[in-house]
Amino acid sequence: MTDPIHTELVKISEANGVMEIVWNRPDKKNALSNAMYRAATAALARASEDKSIRVVLIASEGDSFTSGNDLADFAAAATGGEAPAAHAFIETLIQFPKPIVAAVSGLAVGVGTTMLLHCDLVFAAIDAKLTTPFVNLALVPEAASSLLLPARIGHARAFAMFAMGDAVTGAQAAQLGLANAALPKEEVLAAAREAAAKLAQRPIGAVMAAKKLMRDGERLLAQSRTEGAIFAERMRSAEAMEAFTAFREKRAPDFSKL
Ligand code: COA
């Protein structure tokens, strides 16, 4: 079941074998709050079990795919508040057995990009902007991206994305193998829906078996847990607190004295 209070922040619908999970917090650039992660995690868990759901499509409302984890939730967790619900979402995504299609327009920050490494077909707007600026926040990569991103695009490019905050456009993402196609943004959702509808017609047993063969789920889960332990440590660091505070105060962080 999705969290009824926050259901509107993640729109979940099902039709013709496809479950759509749509980030719907456009005023915050679809920053993912704990409640949103919980809603999406519950939806994925249901999709995994429900035979009538054959494909999941992840998309967004507004001008951004997502600006990543809600930084207020990160700051709260760092000072002893609720633990981030991102971990359960990521682990569910890593283990999700059915095909996932993503429609990406605008910004895909942090987990907005790393979740794409667990999607099977990705349609991006030509001018989408994919970033993984974990080090900007004094954090480290998550969701097994420290393994998957260099494997996809090479160490040098992945390091520049992680450590320097370099962005990749949707057009570059398609060239680099992070996306299947880069399209004008008004065509992205339709293309993703068309692909999801086609996938839903395929023999699902074979599709799932192919997906399983292509991914070392145990290795990915282990990597994600290793990252998670370091991430949790980093979140409590003075550097990360400075980054979260600077974001809240709408200023550049100053790491020079730390
Ligand atoms: N967590 C919480 N709130 C966020 C957010 C996030 N990750 N990203 C954006 N927001 C909020 C902003 O605080 C702002 O809220 P306000 O209108 O109440 O002030 C609103 O969304 C719009 O963001 P704004 O910064 O004004 O838009 P922008 O177009 O100038 O910049 C971003 C967009 C995404 C580049 C910028 O907001 C940003 O860098 N966000 C943090 C991204 C991040 O580090 N994510 C975690 C990665 S691990």
Side-chain angles (χ1 to χ4, degrees), residues 6 8-10 23-40 58 60-79 81-91 93 102 104-118 124-125 127-146 148-149 158-170 178 185 223-224 227-237 239-255:
H6 294 284
E8 70 277 12
L9 296 179
V10 184
W23 312 125
N24 185 32
R25 196 189 181 196
D27 58 321
K28 298 288 181 190
K29 307 274 172 196
N30 291 323
L32 299 178
S33 64
N34 284 332
M36 291 167 76
Y37 281 124
R38 277 197 295 274
I58 303 181
S60 60
E61 291 287 353
D63 65 8
S64 298
F65 182 61
T66 166
S67 57
N69 205 102
D70 187 307
L71 291 180
D73 283 356
F74 265 178
T79 51
E82 186 188 358
H87 300 308
F89 172 72
I90 286 166
E91 293 206 355
L93 200 58
V104 183
S105 290
L107 300 170
V109 186
V111 70
T113 288
T114 61
M115 77 171 77
L116 302 179
L117 300 169
H118 301 282
D127 61 353
K129 196 171 158 196
L130 281 60
T131 59
T132 52
F134 297 108
V135 171
N136 291 5
L137 295 167
L139 300 172
V140 292
E142 35 81 312
S145 62
S146 59
L148 289 172
L149 193 60
F159 187 82
M161 288 187 75
F162 287 139
M164 311 298 281
D166 279 10
V168 162
T169 63
L178 291 171
K185 70 168 160 279
Q223 184 78 6
S224 173
E227 293 167 346
I230 299 168
F231 196 100
E233 233 173 68
R234 296 284 336 156
M235 260 187 34
R236 291 188 295 271
S237 68
E239 289 176 346
M241 285 315 298
E242 166 59 9
F244 302 152
T245 306
F247 181 73
R248 194 182 61 241
E249 295 175 354
K250 296 186 187 292
R251 60 170 173 83
D254 176 7
F255 301 117

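Just follow the structure's listing: the first ligand is 1, and inside any ligand the first atom is 1.
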Compare every heavy atom of [Y] with every heavy atom of [X], then report the nearest pair and how far apart it is.
| X | Y | value |
| --- | --- | --- |
| A243 | P253 | CA-CB, 4.2 Å |
| R234 | A138 | NE-O, 2.9 Å |
| E239 | F255 | O-CE2, 3.3 Å |

Could you tell me the residue and atom name of the protein heavy atom closest to [atom], and the distance to it rounded to 0.1 Å?
| atom | answer |
| --- | --- |
| atom 6 (C) of ligand 1 | A31 CB, 3.5 Å |
| atom 41 (C) of ligand 1 | F247 CE1, 3.5 Å |
| atom 33 (C) of ligand 1 | L107 CD1, 3.9 Å |
| atom 11 (C) of ligand 1 | K28 CD, 3.7 Å |
| atom 2 (C) of ligand 1 | L71 N, 3.5 Å |

Contacting atoms of ligand 1, where contact means under 4.0 angstrom from a heavy atom of [X]:
| X | answer |
| --- | --- |
| D27 | 20 (C), 21 (O), 22 (C) |
| F134 | 48 (S) |
| V109 | 42 (C), 43 (C), 45 (N), 47 (C) |

Geometric class of the [Y]/[X] ring pair [parallel <30°, tilted 30-60°, perpendicular >60°]:
| X | Y | value |
| --- | --- | --- |
| F162 | F134 | tilted |
| F65 | W23 | perpendicular |
| F244 | F74 | tilted |

So which of [options] actually passes side chain to side chain contact (heavy atoms under 4.5 Å, CB included) with [X]?
| X | options | result |
| --- | --- | --- |
| Y37 | V10, D70, V111 | V111 |
| M161 | T131, V135, L149 | L149 |
| L130 | V109, T113, D166 | T113 |

(request) Give the contacting part of N136 toward ligand 1: side chain, backbone, both or neither, where contact means a heavy-atom distance below 4.0 Å. (result) neither

(message) Side chain, backbone, both or neither: which applies to S67 and ligand 1 if a contact is any heavy-atom pair less than 4.0 Å apart?
(response) both

(message) As a check for students: among K29, K129, R25, identify the option with a heavy atom nearest to atom 27 (O) of ligand 1.
(response) K29

(message) Measuring from atom 46 (C) of ligand 1, which candidate in L137, T131, D70 has the nearest non-hydrogen atom?
(response) L137

(message) If we ignore hydrogens and angles and just use 3.5 Å, is the side chain of H118 paired with the main-chain N or O of A143 as donor and acceptor?
(response) yes

Is there at least one protein heavy-atom neighbour under 4.0 Å from [atom]?
| atom | value |
| --- | --- |
| atom 48 (S) of ligand 1 | yes |
| atom 8 (N) of ligand 1 | yes |
| atom 30 (O) of ligand 1 | no |
| atom 25 (O) of ligand 1 | no |
| atom 15 (O) of ligand 1 | yes |

(request) Would you please name every residue forming a side chain to side chain contact (heavy atoms under 4.5 Å, CB included) with D27, sequence neighbours left out? (result) R25

(request) Identify whether the distance between the nearest side-chain nitrogen and carboxylate oxygen of E61 and K28 falls below 4.0 Å. (result) no

(message) I'd like to know whether ligand 1 has K250 as a neighbour, heavy-atom separation below 4.0 Å.
(response) yes

(request) May I ask you to check if ligand 1 and L139 share an N or O to N or O distance below 3.5 Å? (result) no

